Amino acid sequence: MENFTDSLNILLLNSTTIETTPLDAEYNIYYNIRMFSMVSHIITFLLGISGNGIVIGICTFKMTKTVNVIWFLNLAIADFIFNVFLPLRISSEAMDGYWPFGRFLCKISHMVLYLNMMASISFLVVISIDRCVSVLYPFWSRRHRTPNLACKVAFVTWLLSVIVSSPYPAFYDTVADWEGNDTFCFRSYAVPYEDFSEQAFKIMALRHKVMIITRFLTMFVVPFIIIIICYGAITMKIKQRPYHRTSSRPFRIIITILVLFFICWFPFHSLPLLDASEYILWPFIVHMIAEPLATCLAYFNSCLNPILYFCMGRDFKEMFRWTILSVFERAFNEEQTLATLDSRSPPKSSSEVESCML
């Protein structure tokens, strides 16, 4: 999905003038949504750079490279790089879609954005699978769950993310407006802008639908199903334990993870399906309101992961009294969790069972 500036670009490229005034209702809505979107992206950028930067620094220089550390380090790198390229989008939005950064950055920025978006989602899936395996097969996990294997899995995850995002450099290009004053970065789908033939439009429409459906399946449907299956299996395993207690905390964490994933990504990937279906009833509402807000949610997810996976750790209230380093050391500490899962005797408290959820 693209933000509302792409819709504006299409209007600019297909008409010589746009008759809008500050008093026009639709223009006022567009202006307010644009301001909200820019503020949201700026907040995401600041929180994402700082939060993920802290994770990367501590994981790289302060922590032993355990499996958990490798997962969270790669997740933080994906989100950090995603946020690094956000200022380009923010600047373009501030200039009504004008793209002054050149053709190369037009292509690369979109590839990097979707590459790291895919990598971030993929590592969330990997973390879910890893936790599921640790709970269901603790003895196997203790023997075979090694940092070396985690590095190999991380490499494959990045490789698959590169493959999925590889078409984007070819699908984006720059074009000047009719007067030749401003340049815009838009989706060309590898079709020359000067080609106005019916065949060219059919190719663009087909590639657009394929890209939207592929992205919906690879970046939402499949990951969401895997995450549901993993946490569902974890929930059933915990309930089957003879020492299971009535604490609802693990299940609140599971529900939070699933709800946040759904809220952040479902609108972002589902709204383009309406556009591709050619049966859209309210194009202005979808393009100028719904899509920008969905984009804000999806982008904001890149700064939620440090909060979600660390602040929701055990002894949340005590984290406010710890140093930043001790917070991450406690969050990344997997020794107690593995020892608990590998022990034949039941844990002393339900909090030890709940630690496998984090």
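A quick note: this is a predicted structure, and the numbers were derived from the prediction, not measured. The chain is numbered in sequence order, starting from 1.
Take C303 and apply the side chain to side chain contact (heavy atoms under 4.5 Å, CB included) test, not counting sequence neighbours, and it matches T44, L47, F300. The side chain to side chain donor-acceptor pair (under 3.5 Å) search around N116 returns none, not counting sequence neighbours. The side chain to side chain contact (heavy atoms under 4.5 Å, CB included) search around L46 returns I42, not counting sequence neighbours. By the ring pair (Phe, Tyr, Trp, His ring centres under 6.0 Å) test, F80 pairs with no residue at all, sequence neighbours left out. Qualifying ring pair (Phe, Tyr, Trp, His ring centres under 6.0 Å) partners for Y189, counting only residues two or more places apart in sequence or in other chains: F171, H208. Scored by the side chain to side chain donor-acceptor pair (under 3.5 Å) test, S302 finds N83 as partners (sequence neighbours excluded). Scanning for side chain to side chain contact (heavy atoms under 4.5 Å, CB included) contacts around V39 gives I43, with sequence neighbours left out. Under the rule for a side chain to side chain contact (heavy atoms under 4.5 Å, CB included), the partners of L88 that lie at least two apart in sequence or sit in another chain are F85, W99, F101, S109. Annotation: side chain to side chain donor-acceptor pair (under 3.5 Å) contacts of N74 (sequence neighbours excluded): W158.
Atom CD1 of I58 sits about 13.0 Å away from atom CZ of F72, to the nearest 0.5 Å. Summarising the geometry, atom OG1 belonging to T60 is positioned 5.0 Å from atom CG belonging to L73; distances are rounded to the nearest 0.5 Å. Rounded to the nearest 0.5 angstrom, I289 CD1 and L271 CG are separated by 12.0 Å. Rounded to the nearest 0.5 angstrom, F266 CZ and H269 NE2 are separated by 11.0 Å. Here the straight-line distance linking atom CD1 of I49 with atom CD1 of I81 works out to 10.0 Å at 0.5 Å rounding. Atom SG of C296 is separated from atom CD of E291 by 12.0 Å, given to the nearest 0.5 angstrom.
Linking Ile, Leu, Val, Met, Phe, Trp and Tyr residues whenever their side-chain heavy atoms come within less than 4.5 Å places F216 and I225 in a single cluster. No chain of hydrophobic side-chain contacts below 4.5 Å, direct or via other Ile, Leu, Val, Met, Phe, Trp or Tyr residues, connects F155 to L124. When the side chains of ILVMFWY residues are joined at heavy-atom separations under 4.5 Å, either directly or via intervening members, L149 and V156 end up in two distinct hydrophobic clusters. A single hydrophobic cluster is not seen to contain both L160 and F224; linkage of ILVMFWY side chains at heavy-atom distances under 4.5 Å, directly or through other members, places them apart. Cluster membership check: L206 does not share its hydrophobic cluster with I213, using side-chain heavy-atom separations under 4.5 Å among Ile, Leu, Val, Met, Phe, Trp and Tyr.
Side chain of S37 to backbone of I33: no donor-acceptor contact under 3.5 angstrom is found. Put simply, the side chain of K65 never gets that close to the backbone of N148: no donor and acceptor are under 3.5 Å apart.
Sequence neighbours left out, the pairs with a member in residues 159-173 that pass salt bridge (charged side-chain N to carboxylate O under 4.0 Å, His left out) are R103-D173. Residue pairs meeting the salt bridge (charged side-chain N to carboxylate O under 4.0 Å, His left out) criterion with at least one partner in residues 37-50, sequence neighbours excluded, do not occur; the list is empty. Within the structure, the salt bridge (charged side-chain N to carboxylate O under 4.0 Å, His left out) test picks out no pair touching residues 76-87 (sequence neighbours left out).
Between F268 and W265, the two ring planes are perpendicular [angle over 60°; tilted spans 30° to 60°].
Contact detail for M211 and Y168: the closest heavy-atom pair is SD-CE2, 3.6 Å. M111 approaches S165 most closely through the heavy-atom pair CG-O, 3.8 Å. Taking each heavy atom of Y231 and T235 in turn, the nearest pair found is O-OG1, 2.8 Å. V191 and A200 get closest at one heavy-atom pair: CG1-CB, 3.7 Å. Counting all heavy atoms, side chain and backbone alike, I90 lies closest to H41 at CG1-CB, 3.6 Å. In terms of heavy atoms, I121 sits closest to M219 at CD1-O, 3.2 Å.
The aromatic ring centres of F45 and Y299 sit 6.0 Å or more apart.
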- [ ] Just do the side-chain contact (heavy atoms from CB on, under 4.5 Å) check on H110 and R89 with the steps written out, would you?
- [x] CA-CA 9 Å; H110 282 88; R89 305 295 294 270; 4.1 Å; yes
- [ ] Apply side-chain contact (heavy atoms from CB on, under 4.5 Å) to T183 and Y98, showing your working.
- [x] CA-CA 6 Å; T183 302; Y98 171 58; 4.2 Å; yes
- [ ] Please report the C-alpha distance between V162 and L115 in whole Å, then the side-chain angles of each, then the deciding distance to 0.1 Å, and finally whether the side-chain contact (heavy atoms from CB on, under 4.5 Å) criterion is met.
- [x] CA-CA 6 Å; V162 170; L115 164 64; 3.7 Å; yes
Task: F261 and F220: CA distance, side-chain angles, deciding distance, side-chain contact (heavy atoms from CB on, under 4.5 Å) verdict - done: CA-CA 9 Å; F261 188 92; F220 179 77; 4.0 Å; yes
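No side-chain donor from either of R131 and N68 sits under 3.5 Å from a side-chain acceptor of the other.
Proximity of S120 to L75: side-chain heavy atoms (C-beta onward) are separated by under 4.5 Å at one or more points. A 4.5 Å side-chain heavy-atom check between I227 and V125 finds at least one atom pair inside the cut-off.
Between C230 and C132, the gamma sulfurs sit at a distance of 2.5 angstrom or greater.
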